[in-house]
Protein chains: 2
Amino acid sequence: MSVQATAIKPGSARKSPPPKPYHHGDLRREILCAARTLLEENNIASLSLRAVAKKVGVSHTAPYRHFKDKESLLAGVAAIGFAEIGSQIARAVEMHPGDPAAQLQEAGQRYVQLVMDNPQCVQLMFGGILPCDDTYPDLRAAGDLAFERLKMIIEEGQSSAVFKQDDVELLAMTAWSCIHGLSVLFIHGSLDIAASTTLEIHTFTKAVTATLLNGIGTG
Amino acid sequence: MSVQATAIKPGSARKSPPPKPYHHGDLRREILCAARTLLEENNIASLSLRAVAKKVGVSHTAPYRHFKDKESLLAGVAAIGFAEIGSQIARAVEMHPGDPAAQLQEAGQRYVQLVMDNPQCVQLMFGGILPCDDTYPDLRAAGDLAFERLKMIIEEGQSSAVFKQDDVELLAMTAWSCIHGLSVLFIHGSLDIAASTTLEIHTFTKAVTATLLNGIGTG
DNA sequence: ACCTGAACACCGTTCAAGT
DNA sequence: ACCTGAACACCGTTCAAGT
């Protein structure tokens, strides 16, 4: 039943069976994955490095071979989160070529869904636990990329005169604020909406996005 | 040099010098205050109950007389935060009587300022560490009150036909999302704005609020 | 009633040691 | 190179005991 079926590539059997360093193929990825899971299962305050190590089946000091410290591991998880936001925006763009208003609408829906699915990760990404500066370049880069994708939607909208000719950063920031704020208030349960269905959340998001589009639109 | 100057109130010296229960007048408030300070000095992950107790000058188990556990103490701090949001909104209303658009603008500015001044507390309030349900009634009540104040602005705007006749909760939620999201992105340092002056932040906030007002305004 | 000190199980991190 | 186990200082929480 082992996955280690060790299919021997003919002709390559000369030197060594694949390195298999001690226990794991790539412990780094496994640690990140386990951390992500444990993070969402509880909350950020109660995520422990030792628990992550145990889940992976490795001694509690092993993660230190791959991450400088706990914060560095958290930064890795957060970077994955930003990468996913970037991917979702890219997908939204693909779905509605030539229609920036629809792209923004779609991206908003996907953003909210992502936050609802990974609330604790979002908390980690935006919560002020991780430093904002360039301590973790990968984290910074992933965040910047997501924001660039959003700005491209805005720029396309300005080119086709659907969005007003304002500062791009300003409009992008406005859009992100609106959707991000909405998502955060959702997971916080500020309204009784927390208990409501996904459908209602989508309806709500659509309404908010409409208002946003109304605000940044031309005329 | 002791503060314990013990000025004896003439005529009241009969029974007892003021109760002075062991050490502190009201340890509960002192603990909340110390927790708030320590929270902002570091971050939420590294706030420890023992450090709070030490700062107050009391044994590390003393807080358990006033709070069921650490989470309960955090809930107390968060409730103070929500109360302050409510106060700021109320002040914004007072400043611009009869002008709901200006009230919303003013409340937005004050909200952003409050978040900038207490980023870690905001993280605590909205971060998903505290449960959303009715575990902490005071916390819930403080949050609800702040939201009610915001809704009153919206309703006044609808009465005087400056805001469109949409669902009140929807418009209020849209406004809060927009401002809250902006604040969070500010403290996250998503843009290079993090390093910029308070003035620029105010300008930015004004622009976003204008877009918001444009979105929720009448025709 | 209010506070203390010892005790317990847990945590992050370091380091010498093993393969 | 990669992983382990012992060790350290810290943490949240409980509990018998003190005033």
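Letters A, B, ... mirror the listed sequences (proteins, then strands); counts begin at 1. Since we're looking at a predicted model, the values are computed, not measured.
The aromatic ring centroids of B/Phe126 and A/Phe126 lie 6.0 Å or more from each other.
Rounded to an integer number of Å, the gap from A/Asp69 CG to C/dG12 C1' is 9 Å. Protein atom CG of B/Leu27 is 13 Å distant from nucleotide atom C1' of C/dT4, rounded to whole Å. Rounded to whole angstrom, the span from the CD atom of A/Glu30 across to the P atom of D/dC3 amounts to 10 Å. Between A/Lys70 atom NZ and C/dG12 atom P there is a gap of 5 Å when expressed in whole angstrom units. Atom C1' of nucleotide D/dC11 and atom CG of B/Leu74 are separated by 14 Å, given to the nearest angstrom. Atoms CG (B/Leu49) and P (D/dG12) sit 5 Å apart, rounded to a whole Å. D/dA1 atom C1' lies 15 Å from atom CG of A/Asp26, rounded to whole Å. Distance NZ (A/Lys54) to C1' (C/dG12): 16 Å, rounded to an integer number of Å.
Between A/Tyr64 and C/dT14 there is no side-chain N or O to OP1 or OP2 distance below 4.0 Å. Proximity of A/His66 to the phosphate of D/dC3: a side-chain N or O atom is located under 4.0 Å from OP1 or OP2.
Relative to the side chain of A/His60, the nucleotides C/dT13, D/dC3, C/dC3 differ in distance, and C/dT13 lies closest. Of the candidates C/dG12, C/dC3, D/dT13, the closest approach to any side-chain atom of A/Arg50 belongs to C/dG12.
For the pair B/Ala62 and A/Thr61, both in contact range of DNA chain C, the more 5′-proximal nearest nucleotide belongs to B/Ala62. Mapping B/Glu71 and B/Arg65 onto DNA chain D by nearest heavy atom places B/Glu71 at the nucleotide closer to the 5' end.
Pairing of D/dA1, defined by two Watson-Crick or G-U wobble distances under 3.5 Å, is identified with C/dT19. Shown here, D/dT14 forms a base pair with C/dA6; the pair counts as Watson-Crick or G-U wobble because both key distances fall under 3.5 Å.
No side-chain donor-acceptor contact under 3.5 Å links A/Glu106 to the backbone of A/His96. A donor-acceptor pair under 3.5 Å links the side-chain atoms of B/Asp133 to the main chain of B/Thr135, judged by distance alone.
Contact check on B/Glu84 versus B/Arg36 returns a salt bridge, with a Lys/Arg side-chain nitrogen under 4.0 Å from an Asp/Glu carboxylate oxygen. A salt bridge links B/Glu148 to B/Lys151: at least one charged side-chain nitrogen sits closer than 4.0 Å to a carboxylate oxygen.
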